[in-house]
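Structure record follows, encoded as structure tokens.
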Amino acid sequence: MRIYNTLSGSKEEFIPLNSHGVKIYACGVTVYDYCHIGHARSAIVFDVIRRYMRYKGFHVTYVRNFTDIDDKIINRARQEGITWDVVAKKYTDEYYKDMDMLGVGRADIEPKATEHIQEIIDIVKGLIEKGYAYEIDGSVYFEVEKFTGYGKFSKRDKEEMLAGARVEVDERKKNPIDFALWKKSKEGEPSWDSPWGPGRPGWHIECSAMSLKHLGESFDIHGGGADLIFPHHENEIAQSEAFTGKPFARYWIHNGFITIDKEKMSKSLGNFFTIKEILDKFDPEVVRCFLLSTHYRSPIEFSDEQLREVESSIDRYYTTVIRIQDFLEKDGVKKESSNTEKAFEQTIVSFRERFEEAMDDDFNTALALGHIFELIRDVNRFLDSKPSGPQVNELLFKARELLMETGDVLNIFGRTPIEWYRSLMVTKKIGLTGEEICHRIKEREDARKRKEWAIADRIRKELEEKGIILEDKKDGTDWKVKTG
RNA sequence: GGCGGCGUACCCAAGUGGCUAAGGGAGAGGUCUGCAAAACCUUUAUGCAGCGGUUCAAAUCCGCUCGCCGCCUCCA
């Protein structure tokens, strides 16, 4: 398995510290507002990485934190006239709702900053003792100049940073780029007791404390959005390595951004969509598949049009599943096996290899999806050849299993076609019930028996206008929700 | 200004030295169908922003130019 490591700026063979266990820490969210689709991307990317690692047989310990105390939470609490912990609780709950919808699994450990105050204080104390940090008036800062490798990770010149940026106002830090480990609380702000008086943790220190506690001094993978590379991860490395004297994370994985009109989606620009807003219009599987249809490090341009296209492509999968089911239920006459059957068997045999090859290459989900859709086409082609023979059912069964198994790594394709259409009825706001549709189909079937085509066609058209497509098959008429 | 990334068909998107440049969506034509839908087949890049170079061989490596974006402040 090869992974692009931000640390080296190139793809590296992945070798876990421990041959069977992989330890992953991903930076989670600050719970002060609803999550937007960018948060979803990061969560889904690491969810897939973790799933694929498990698929490959690794025992994964996955840690993803919540930042539940920080300036933004305090500000939000002030705005809403409630306490900070109520804000944190509310948006943590909302986060879970969103992630559950999107099929993002819970991490094995989900630590919160405020549950690790003692660990944080211990590290800050240790850093002061080792001479890497200093206290000024109840706040503690990390002294960047003391840490030799500072800037290496984000490829910034430390000397230049130390010399420049003197715009800092009213700070008594030794150097403007020194960053807070512990912040003295102002009157009325939430605070915890510490050797330096009442205060709260700085932003970066919580991740050092929580990863150290739950994964140890050195672990395999650390990740998050690419905007965390500097200063967050640079600072985390400095703190952690200064404190433990050991190398921190071995592989650093960063996902790219979602863009709107080519610009980064962000809170400050206001060009964002919340997960809730999108899920009101699109099925979660569509969102998930959309986010996986581009390599995780590349930017993705968000648009409804793209989502609709993905919706149509997922429908292609479920339509094929229906075809397989119809075929398996028929259980036709058994004959000699044919050449098409042998070719199809080859496709199936090589499929898993191609899927893994794609995923092994820095989690290339876009390519993996390409292989999946290639298999779907081959299944359809095989079915069109009207195959018969002792092995046909077995092959189709195997193909369906492979699609579901690889889909499971991406956590897509996990439902039945019926569930898919039921969900589309809701997201596409089809103003009809299944019973009403069946009733119309029955009427149309009667008309067809009488060969009253005009009536039959009118019913078809009516339903289509409401978003329902009819499919006449040998033994009856099926319906589905129109996509795209 | 410093550092980094991107530019592949009508749209999205893999591919980063060598078989016919994946896959999805859209369009056109066809097979099938009472008509459809679905599926399949054919078709839409002698071409990978432009120019030059390295090489037997480049979308893929190097240089320059143009265009777009990100980080350098909180940020997934």
Side-chain angles (χ1 to χ4, degrees), chain A residues 6 9 11 26-30 32 35-46 70-72 151 154-157 160-161 164-165 167-168 177 203 223-232 234 254-259 261-269 272 289-290 293-295 297-301 303 305-317 319-320 322-323 354 358 361 364-385 448 451-454 456-457 460-461 464 468-473 477-480 482-484:
Chain A
T6 308
K11 283 185 199 172
C27 288
V29 292
T30 301
Y32 75 103
C35 287
H36 60 63
I37 184 76
H39 298 109
R41 184 180 195 189
S42 194
I44 288 171
V45 163
F46 285 94
D70 111 309
D71 289 353
K72 282 187 290 237
S154 55
K155 296 176 181 67
R156 267 155 244 269
D157 188 80
E160 222 166 71
M161 292 171 76
V167 235
E168 205 83 14
I177 63 166
W203 173 35
D227 45 8
L228 296 181
I229 294 171
F230 188 89
H232 186 54
E234 184 77 57
H254 292 97
N255 63 274
F257 305 122
I258 291 178
T259 59
D261 293 329
K262 303 264 184 192
E263 272 192 328
K264 181 188 170 185
M265 179 185 287
S266 74
K267 277 275 163 72
S268 43
L269 283 169
F272 62 90
C289 205
F290 163 70
S293 66
T294 299
H295 186 90
R297 279 189 283 119
S298 305
I300 300 186
E301 172 72 12
S303 72
E305 194 194 345
Q306 288 306 311
L307 280 260
R308 281 196 295 270
E309 288 184 5
V310 171
E311 186 180 85
S312 290
S313 72
I314 294 175
D315 193 58
R316 188 173 159 75
Y317 165 77
T319 301
T320 303
I322 292 172
R323 287 195 74 191
R354 281 177 292 158
D361 185 14
N364 195 338
T365 54
L367 181 58
L369 277 168
H371 293 323
I372 285 172
F373 280 104
E374 224 168 354
L375 178 57
I376 287 170
R377 192 191 55 207
D378 285 336
V379 167
N380 280 313
R381 202 185 275 162
F382 183 59
L383 286 167
D384 276 359
S385 76
R448 289 182 74 209
K451 296 208 188 312
E452 294 183 51
W453 307 123
D457 289 350
R460 180 202 291 290
K461 199 155 180 241
E464 191 184 343
I468 300 297
I469 301 284
L470 298 186
E471 287 193 24
D472 294 327
K473 298 183 181 178
T477 299
D478 274 358
W479 62 269
K480 54 191 248 180
K482 194 177 174 182
T483 59

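First the proteins, then the strands, lettered A, B, ... as listed; each starts at 1.
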**Message:** On the nucleotide B:A38, are OP1 or OP2 found under 4.0 Å from the side-chain N or O atoms that A:R323 carries?
**Reply:** no
**Item:** B:C3 to B:U65 separation - P atoms, rounded to the nearest Å
**Value:** 15 Å
**Request:** Assign A:D71 to base, sugar-phosphate, or nothing according to its heavy-atom contacts below 4.0 angstrom with the strands shown.
**Result:** nothing
**Prompt:** Pick the nucleotide of RNA chain B nearest each of A:T319 and A:R381; which residue has the one closer to the 5' end?
**Reply:** A:T319
**Fill in**
Paired to B:A76 by Watson-Crick or G-U wobble criteria (both distances under 3.5 Å) is none
**Asked** Going by an N to O cut-off under 4.0 Å, is there a salt bridge joining A:D384 and A:R381?
**Response** no
**Prompt:** In whole angstroms, how far is the C1' atom of B:C35 from the CD atom of A:E464?
**Reply:** 12 Å
**Request:** With rounding to the nearest 0.5 Å, note down the distance linking OG in A:S303 to CZ in A:R308.
**Result:** 7.5 Å
**Upstream residue (5' side of RNA chain B) when A:L369 and A:K480 are each assigned their closest nucleotide** = A:L369
**Prompt:** Which is true for A:I469 with a 4.0 Å heavy-atom rule: it touches a base, it touches only sugar-phosphate, or it touches nothing?
**Reply:** sugar-phosphate
**Asked** Tell me: CG of A:D227 to P of B:C69, nearest whole Å?
**Response** 18 Å
**Request:** Taking atom C1' in both B:C48 and B:A9, compute the distance separating them and give it to the nearest angstrom.
**Result:** 10 Å
**Asked** Which part of the nucleic acid, if any, lies within reach of A:N255 when heavy atoms closer than 4.0 Å are counted: base, sugar-phosphate only, or nothing?
**Response** base
**Asked** B:A28 and B:C10: how far apart are their C1' atoms, nearest whole angstrom?
**Response** 12 Å
**Item:** Separation of the C1' atoms in B:U44 and B:G23, to the nearest angstrom
**Value:** 16 Å
**Message:** Rounded to whole Å, please give me the gap between CD1 in A:I300 and C1' in B:A76.
**Reply:** 12 Å
**Prompt:** Hey, does the side-chain of A:D457 have a donor or acceptor N/O within less than 3.5 Å of a partner on the base of B:G34?
**Reply:** yes
**Among B:G34, B:C72, B:C68, the one nearest A:F230 by side-chain distance** = B:C72
**Asked** Quick one: A:D261 CG to B:G70 P, roughly how many Å, whole number?
**Response** 12 Å
**Short side-chain to backbone donor-acceptor contact, A:S42 and A:H39, under 3.5 Å** = no
**Request:** Look through every strand shown and name the nucleotide pairing with B:A9 as Watson-Crick or G-U wobble, where both distances are under 3.5 Å.
**Result:** none
**Item:** Proximity to the side chain of A:K72 - top-ranked nucleotide from B:C74, B:A76, B:G24
**Value:** B:C74
**Prompt:** Base, sugar-phosphate, or nothing for A:K264, non-hydrogen atoms under 4.0 angstrom?
**Reply:** base
**Request:** Could you check which nucleotide pairs with B:U31 in any of the strands shown, counting Watson-Crick or G-U wobble with both distances under 3.5 Å?
**Result:** B:A39
**Prompt:** Do you know the tightest heavy-atom contact between A:T259 and A:P299?
**Reply:** CG2-CB, 4.2 Å
**Item:** Ring-base stacking, A:W453 with B:G34 (5.5 Å, 30° cut-offs)
**Value:** yes
**Message:** Work out how far the P atom of B:A59 is from that of B:C40, and round it to whole angstrom.
**Reply:** 31 Å
**Request:** If B:C3 has a Watson-Crick or G-U wobble mate with both distances under 3.5 Å, name it; if not, just say none.
**Result:** B:G70
**Request:** Give A:G225 one of three labels, base, sugar-phosphate or nothing, depending on what nucleic acid heavy atoms sit under 4.0 Å from its own.
**Result:** sugar-phosphate
**Message:** Can you see if the side chain of A:N364 gets near the phosphate of B:G15 - specifically, an N or O under 4.0 Å from OP1 or OP2?
**Reply:** yes
**Message:** In whole Å, I'd like the distance from the CD1 atom of A:I258 to the P atom of B:C6.
**Reply:** 19 Å
**Message:** Under 4.0 Å, heavy atoms only, any strand: does A:G38 hit a base, just the sugar-phosphate, or nothing?
**Reply:** base
**Asked** Salt-bridged, A:R156 to A:E234, with N to O below 4.0 Å?
**Response** no
**Request:** Figure out the CZ/P separation between A:F373 and B:A38, and round it to whole Å.
**Result:** 15 Å
**Asked** Is a side-chain donor-acceptor pair under 3.5 Å present for A:K480 with A:T319?
**Response** yes
**Request:** Under 4.0 Å between any heavy atoms, over every strand shown, what does A:G484 touch: base, sugar-phosphate, or nothing? Just pick one.
**Result:** nothing
**Asked** Where do A:K155 and A:T6 come nearest, in terms of heavy atoms and distance?
**Response** NZ-O, 3.5 Å
**Request:** Send over the distance from A:R354 CZ to B:G23 C1', rounded to a whole Å.
**Result:** 12 Å
**Request:** Kindly point out which of B:C11, B:A76, B:A13 is positioned nearest to the side chain of A:T294?
**Result:** B:A13
**Message:** Please give the distance between the P atoms of B:A76 and B:G17 as a whole number of Å.
**Reply:** 35 Å
**Complete:** As its Watson-Crick or G-U partner within any shown strand, both distances under 3.5 Å, B:G63 has B:C51
**Fill in**
By the Watson-Crick or G-U definition, both distances under 3.5 Å, B:A45 is matched with none
**Asked** Does B:A22 pair with anything, Watson-Crick or G-U wobble, both distances under 3.5 Å, and if so, with which nucleotide?
**Response** none
**Request:** Check every atom of B:A14, B:C71, B:C68 against the side chain of A:F257 and return the nucleotide holding the closest atom.
**Result:** B:C71
**Item:** Side-chain donor/acceptor of A:D261 to backbone N/O of A:E263, under 3.5 Å
**Value:** no
**Prompt:** If you look at every strand shown and take non-hydrogen atoms under 4.0 Å, does A:L383 touch a base, only sugar-phosphate, or nothing?
**Reply:** nothing
**Request:** Answer with yes or no whether A:D472 presents, from its side chain, a donor or acceptor under 3.5 Å of a partner atom in the base of B:C35.
**Result:** yes
**Message:** Within the 4.0 Å heavy-atom criterion, would you say A:R308 contacts the bases, only the backbone, or no part of the nucleic acid?
**Reply:** nothing
**Message:** In whole Å, I'd like the distance from the CG atom of A:L367 to the C1' atom of B:G15.
**Reply:** 8 Å
**Gap in Å between the two C1' atoms, one belonging to B:G2 and one to B:A49, rounded** = 26 Å
**Fill in**
Here the pair of heavy atoms bringing A:I177 nearest to A:M161 is CG2-O, 3.7 Å
**Request:** Between B:A45 and B:U20, how far apart are the C1' atoms? Round to whole Å, please.
**Result:** 14 Å
**Message:** Does A:E160 contact B:G2 through a side-chain donor or acceptor facing the base, at a distance under 3.5 Å?
**Reply:** no
**Asked** Which base sits across from B:G17 as a Watson-Crick or G-U pair, both distances under 3.5 Å?
**Response** none
**Prompt:** So does A:R460 reach the base of B:A36 with its side chain, donor to acceptor, closer than 3.5 Å?
**Reply:** yes
**Request:** List the atom of A:F290, the atom of A:E301, and the distance in Å for their closest heavy-atom pair.
**Result:** CZ-O, 3.6 Å
**Message:** For a quick check of understanding: with a heavy-atom distance under 4.0 Å over all strands, which category does A:R297 fall into, base, sugar-phosphate or nothing?
**Reply:** nothing
**Asked** What is the nucleic acid contact for A:Q306, judged by heavy atoms within less than 4.0 Å: base, sugar-phosphate only, or nothing?
**Response** sugar-phosphate
**Message:** Under 4.0 Å, counting only non-hydrogen atoms across every strand here, what does A:H295 touch: a base, just sugar-phosphate, or nothing?
**Reply:** sugar-phosphate
**Nucleotide nearest A:E471 (side chain, heavy atoms from C-beta), chosen from B:C71, B:A22, B:A38** = B:A38
